[in-house]
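Before any comments, here is the structure.
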Protein chains: 2
Amino acid sequence: MSESERDKRAADIPGAGADLDLFEGGPTGRGVYAALRARIVRLDLPPGTPLMRAELAETHGVSLTPLRDALQQLAKEGLVRIYPQSRTLVAPIDTAAIREAQFMRIALETEVVRRLAQAIAPGDLERLRGIVARQAEIGDRPGDIAAFHELDEAFHQTLFAAAGHVQSQRVMRSHGGHLERLRRLHLDDTDAAGRVVNNKAVIGGHTEILDGIAAGAPGRAMDALRRHLNRTVDRMTEKRAAFPDYFASGTQ
Amino acid sequence: MSESERDKRAADIPGAGADLDLFEGGPTGRGVYAALRARIVRLDLPPGTPLMRAELAETHGVSLTPLRDALQQLAKEGLVRIYPQSRTLVAPIDTAAIREAQFMRIALETEVVRRLAQAIAPGDLERLRGIVARQAEIGDRPGDIAAFHELDEAFHQTLFAAAGHVQSQRVMRSHGGHLERLRRLHLDDTDAAGRVVNNKAVIGGHTEILDGIAAGAPGRAMDALRRHLNRTVDRMTEKRAAFPDYFASGTQ
DNA sequence: GGCCGCAAACTGATATATCAGATCTACCAA
DNA sequence: TTGGTAGATCTGATATATCAGTTTGCGGCC
């Protein structure tokens, strides 16, 4: 049942990626882009998978031109590697790219939180508290992974929205594909008990951040956020050992 | 003479933009992209200028396909507006985009400086001091605008390099076209005396930042950086009044 | 039996042709 | 005179054809 739940969530991801409407290659190409990105990020198309343009074009019912647009877009995000005149394949997960994405996220979100601690609209703070409250409600039940994760997304997006910098978050996300894939690897590797613990930690982090903001204490809010975000990447080397084929052979 | 100096600098900008090799549309298209971006950012192609594909293709000696790639790239950066089936023109300077770019820059660079204040390689600190010293040398002479500006660029780039996050700076710059155009507007509007004063302020800012880093005082370094960066955007409304045609009609 | 070289086949890049939507203009009607 | 509409024209999107570089597999040679 958690199985079907997860699949449902996975199927939703294309939609989630679609709001990154920074990308388009024209009306037609866009759908292809979104579909491919979703499959790559979901690791449905694992790193190294060759992408045959002719075949993909036929599958998606478009010609080579919009398909090329989509691939170029993905190449610019680093999710696809195009070897000119040769072939195109799903890029390996790049450790360096993950570090950059993480850096960007900490930098941006830390600044968001800082500004919110200086001034936040009461309505926004309420909304944020509400999200955390809903997380707490389902936090104990190990079942609703999808819902919990969705609320987590909502929390961070609301932070950016409250600060008036949704666009920056969009830019950040558009370069965070490698990090998303790493997170995907983490998704399935915790048992129910461990997940509940993790959920509690997430909720605690969110609460600390909001407390810092509410108290008008930028430093406190920023530190809390930093701790909260650093959780994700810590276990990267472990994942890299478990899925050596998925990662680039670069340093570290 | 400062005239020819400035032109020489302007001619260099394409090269400066070229290291944003985040962008390509294939080997051929890349040159077109760089050339167009340079002309747009330099305000050589003012906002609102229609971009006729057939003509541009002929001018640059390429076909429509790579030209389209270049334009799509520019559209994604927000520098060009494509109205499907209708026309393509240079996008107006967007106040909101400038605010986002400025936000991103402060967030990213502030985090860079914070980390450097915690730990910096002695060689990097030396290099940075060296750049500021060279700025001080030519700071009094109003002539060398190009050289001074180049050193300024080098300073900030070296900060990112020292923190090991050049890639993030690249992403940031790739979305900073609107801000670059605003800066371009500021470039020509100060007389020699004013420029010397401004140069002094820049040098002072850089020095404060480095002092904060050297002292291992993140807060101090970050505050200094914040003050330093906020200089640029302050006079935006003034520019907007002077060049109403260049700006989008959006709020504020 | 293994290695080198050549050629064929495949792939992506580029150019061109076709399609469809949007704008503009001229003409008609109110 | 003005508003609207039909059609011509222009533009970008899409599809297809051509070009050029890369890989691969076969055959000959060492």
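Proteins come first, then strands; the chains are lettered A, B, ... in the order of their sequence lines, and each starts at number 1. All of these numbers come straight from a predicted model, not from anything done at the bench.
- In this structure, the CG atom of Leu67(B) is 11 Å from the P atom of dA13(D), given to the nearest Å.
- Rounded to an integer number of Å, the gap from CG of Leu56(A) to C1' of dT11(C) is 13 Å.
- In terms of position along DNA chain D, the nucleotide closest to Arg53(B) lies nearer the 5' end than the nucleotide closest to the other residue of the pair Gly61(A) and Arg53(B).
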Just the atom pairs and distances: protein N or O near nucleotides 18-23 of chain D's N or O, under 3.5 Å.
from: dG21(D); atom 1: N2; to: Gln85(A); atom 2: O; distance (Å): 3.2

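- When the C1' atoms of four end pairs are superposed on the next four at each end of the helix from dG1(C)-dC30(D) to dA30(C)-dT1(D), using five pairs per end, the two resulting axes differ in direction by 0°, to 10°.
- Checked against the 6.0 Å centroid criterion, the rings of His165(B) and Phe160(B) do not qualify as a close aromatic pair.
- Set against dT11(D), dA15(C), dT11(C), the side chain of Met52(B) has dT11(D) as its closest nucleotide.
- Between the CD atom of Gln169(A) and the OG1 atom of Thr158(A) there is a distance of 9.0 Å, given to the nearest 0.5 Å.
- For the residue pair Tyr33(B)/Glu77(B), the side-chain donor-acceptor check at 3.5 Å is satisfied.
- The CD1 atom of Ile82(B) sits 11 Å away from the P atom of dT14(D) (whole-angstrom rounding).
- Rounded to whole Å, the distance from CG on Leu89(B) to P on dT11(D) is 12 Å.
- A salt bridge between Asp69(B) and Arg30(B) is absent, with no side-chain N of the basic residue lying under 4.0 Å from a carboxylate O of the acidic one.
- Atom CD of Glu58(A) is surrounded by 12 or fewer heavy atoms from other residues, nucleotides or ligands within 6.0 Å.
- Spacing between atom CD of Gln72(B) and atom P of dG12(D) amounts to 12 Å, rounded to whole angstrom units.
- Between Leu64(B) atom CG and dA15(D) atom C1' there is a gap of 14 Å when expressed in whole angstrom units.
- Taking atom CD on Glu55(A) and atom P on dG12(C), their separation rounds to 11 Å, with Å as the unit.
- Closest-nucleotide positions on DNA chain C for Thr65(A) and Leu71(A) were compared, and the one nearer the 5' end corresponds to Leu71(A).
- Across dT14(C), dT14(D), dT16(C), the shortest atom-to-atom separation from the side chain of Arg68(A) is found for dT14(C).
- Between Thr88(A) and dG12(C), a side-chain N or O to OP1/OP2 separation shorter than 4.0 Å is present.
- Phosphate proximity of dT14(C) to Ser63(B): absent, as no side-chain N or O sits under 4.0 Å from OP1 or OP2.
- Between Arg226(A) and Glu111(B), at least one side-chain N (NZ, or NE/NH1/NH2) sits under 4.0 Å from a carboxylate O, which counts as a salt bridge.
- Glu58(B) places its CD atom 15 Å from the C1' atom of dA15(C), with the value rounded to the nearest Å.
- Smallest separation of non-hydrogen atoms from Thr110(B) and Leu225(B): N-CD2, 3.3 Å.
- Salt bridge annotation for Glu180(B)-Arg37(B): present, with a cationic side-chain nitrogen under 4.0 angstrom from a carboxylate oxygen.
- To the nearest 0.5 Å, the span separating OG1 on Thr95(B) from NE2 on His178(B) amounts to 10.0 Å.
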